[in-house]
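Since the structure comes first, as structure tokens, the remarks are kept for the end.
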Amino acid sequence: MNILVMVAIFINRRFHYPIYYLLGNLAAADLFAGIAYMHLMFHTGPWTKNLDVYHWFIRQGLIDTSLTASVINLMAIALERHQTIFTMQLHSNMTNFRVILLIVGIWTVAVIMGLIPSMGWNCLCNIDNCSKMAPMYSRSYLVFWAVLNLLSFSVMVLVYTRIFIYVRHKSQRMSQHTVQSKHKETVENLMRTVFVILGCFVVCWTPGLVLLLLDGVKCNCGVLKVEKFFLVLAELNSMMNPIIYSYRDQDMRRTFKRILSCLCLRRGQSGQHPDVRFNTLNQEVKKIKEDGTDENCTLQHSRYSKSVRKTGLTAEHQMKVNTPC
């Protein structure tokens with residue numbers, strides 16, 4: 001589903017703007033989160049004892065990298081929307097080169113955040129400081145990571161709330177019959193889409209971050225009992241965003257349909273085989289008789305039509321000419 005979003009943004013020129021490039025990068029982060037979760041599923045439980053320290057840090061680092069990429073990407077979207085909305089523009093004037101640099105910067109910071117525990121901020125030299133949910137992670141790192149992400153969520157919520165209030169205030173001042181009504185409607189729809197995406201992200205990831213924070217401060221709250229459920233809730237967010245795109249954005253929905261119809265058409269063409277029929281002798285004789293009947297019927301029509309032309313065509317004759325044998 002996230003690949004579908006990226007393909008839609010690539011092939012549709014209406015989406016060749018910074019905001020959609022960032023949304024496509026968010027889809028890439030969601031796709032990476034799904035891959036990281038699948039890797040975790042096949043390297044946890046009874047398979048954990050077969051992992052060495054290096055592979056264990058890779059397993060956890062993939063999850064951390066995917067979440068960090070999503071958070072920073074949402075922050076970049078918030079700043080882009082704040083700049084464009086308050087300058088009364090639909091799309092940012094940012095060049096494609098700057099967007100590419102921004103996306104590269106997002107993934108660079110995300111990878112570094114995922115590698116920090118393996119680079120030394122861990123509890124291998126101090127077992128008493130180890131976490132319960134992530135046994136090789138230092139509790140201080142979990143507190144730092146959880147607080148940083150929760151603060152990012154709070155900043156994004158405040159930014160979007162301010163933007164939403166501003167757009168709502170501007171919409172009330174605009175007349176429904178002005179030239180700017182179409183622009184206003186487009187801005188509102190895009191803002192609602194981004195706002196819903198942010199809301200789902202906060203709802204899905206906040207419980208897990210709060211759980212990490214409680215584990216980091218050594219709270220005996222039974223964090224291991226609900227750990228798996230909160231992780232699944234967080235990973236479900238990666239599937240929600242494409243559904244939000246298709247539901248909120250009409251152009252995105254049309255592009256999805258076009259991509260899927262092209263795929264189905266190609267599959268149907270590749271699956272076609274020559275229509276070979278093995279008729280029996282009786283079927284062949286019956287077919288020949290039917291063909292002969294059709295030829296006689298056509299010949300009678302042509303003869304009757306010639307006679308009608310000579311004598312004059314009436315409504316009754318016309319009905320006879322058009323009536324099958």
Side-chain angles (χ1 to χ4, degrees), residues 1-37 39 58 61-87 89-116 145 148-149 151-153 155-157 159-160 163 187 190-191 193-202 204-205 234-235 237-246 248-249 251-252 255-256 259:
M1 294 174 68
N2 287 290
I3 290 175
L4 194 64
V5 173
M6 291 186 285
V7 172
I9 294 174
F10 178 76
I11 67 174
N12 195 337
R13 292 185 178 181
R14 292 186 178 182
F15 301 144
H16 291 183
Y17 294 99
I19 178 62
Y20 287 106
Y21 291 149
L22 292 175
L23 289 175
N25 192 47
L26 181 62
D30 290 334
L31 177 64
F32 183 72
I35 296 173
Y37 185 71
H39 183 270
I58 290 179
L62 291 175
I63 297 292
D64 297 345
T65 301
S66 63
L67 174 61
T68 305
S70 299
V71 172
I72 300 177
N73 206 88
L74 283 171
M75 183 71 75
I77 294 174
L79 296 176
E80 193 274 345
R81 286 293 89 192
H82 187 275
Q83 178 189 359
T84 54
I85 296 299
F86 279 84
T87 55
Q89 296 177 351
L90 179 60
H91 297 292
S92 173
N93 294 326
M94 189 185 305
T95 62
N96 292 338
F97 181 72
R98 289 186 177 180
V99 175
I100 293 174
L101 286 180
L102 179 60
I103 292 174
V104 171
I106 289 172
W107 284 102
T108 301
V109 174
V111 171
I112 291 174
M113 289 296 295
L115 290 176
I116 283 179
W145 196 66
L148 187 64
N149 285 288
L151 287 176
S152 301
F153 288 176
V155 171
M156 284 186 285
V157 169
V159 170
Y160 279 114
I163 294 174
V187 171
L190 188 58
M191 274 305 306
T193 301
V194 176
F195 202 77
V196 172
I197 291 172
L198 175 66
C200 290
F201 190 85
V202 172
C204 291
W205 279 101
E235 294 299 330
N237 178 253
S238 301
M239 187 183 66
M240 291 181 181
N241 289 340
I243 299 175
I244 296 171
Y245 297 144
S246 59
R248 295 292 314 170
D249 197 321
D251 289 336
M252 187 73 74
T255 309
F256 285 173
I259 295 172

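Position 1 is the first residue of the sequence, and the numbers go up from there. Every value quoted in this text rests on a predicted model; they were computed, and no experiment measured them.
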How close do [X] and [Y] get, counting heavy atoms only, and between which atoms?
X   : Y    : value
P18 : M94  : CG-O, 3.7 Å
A29 : S66  : O-CB, 4.3 Å
A78 : I163 : O-CD1, 4.1 Å
T68 : A110 : CG2-CA, 3.7 Å
T65 : G114 : OG1-CA, 3.6 Å
D30 : S70  : OD1-OG, 4.0 Å

With side chains defined as the heavy atoms from C-beta onward, is the minimum distance between [X] and [Y] less than 4.5 Å?
X    : Y    : value
Y17  : L23  : no
I77  : N73  : yes
W205 : N149 : no
Y21  : L102 : no
R81  : I19  : yes
R14  : Y20  : no

Between atom [atom1] of [X] and atom [atom2] of [Y], what is the distance when rounded to the nearest 0.5 Å?
X    : Y    : atom1 : atom2 : value
M1   : F256 : CE    : CZ    : 8.0 Å
I259 : I3   : CD1   : CD1   : 11.5 Å
T84  : L79  : OG1   : CG    : 10.5 Å
L101 : N96  : CG    : CG    : 11.0 Å
D251 : N12  : CG    : CG    : 6.5 Å
T95  : I100 : OG1   : CD1   : 8.5 Å

What's the verdict on side-chain contact (heavy atoms from CB on, under 4.5 Å) for F15 and T255, showing C-alpha distance, side-chain angles and the deciding distance?
CA-CA 10 Å; F15 301 144; T255 309; 3.7 Å; yes

Treating H16 as the side-chain partner and I9 as the backbone partner, does any N or O pair qualify as donor plus acceptor under 3.5 Å?
yes

I need the single residue from V109, T108, L115 that forms a side-chain contact (heavy atoms from CB on, under 4.5 Å) with V111. Which is it?
L115

Over 60° means perpendicular and under 30° means parallel, so tell me whether W107 and F32 are parallel, tilted or perpendicular.
perpendicular

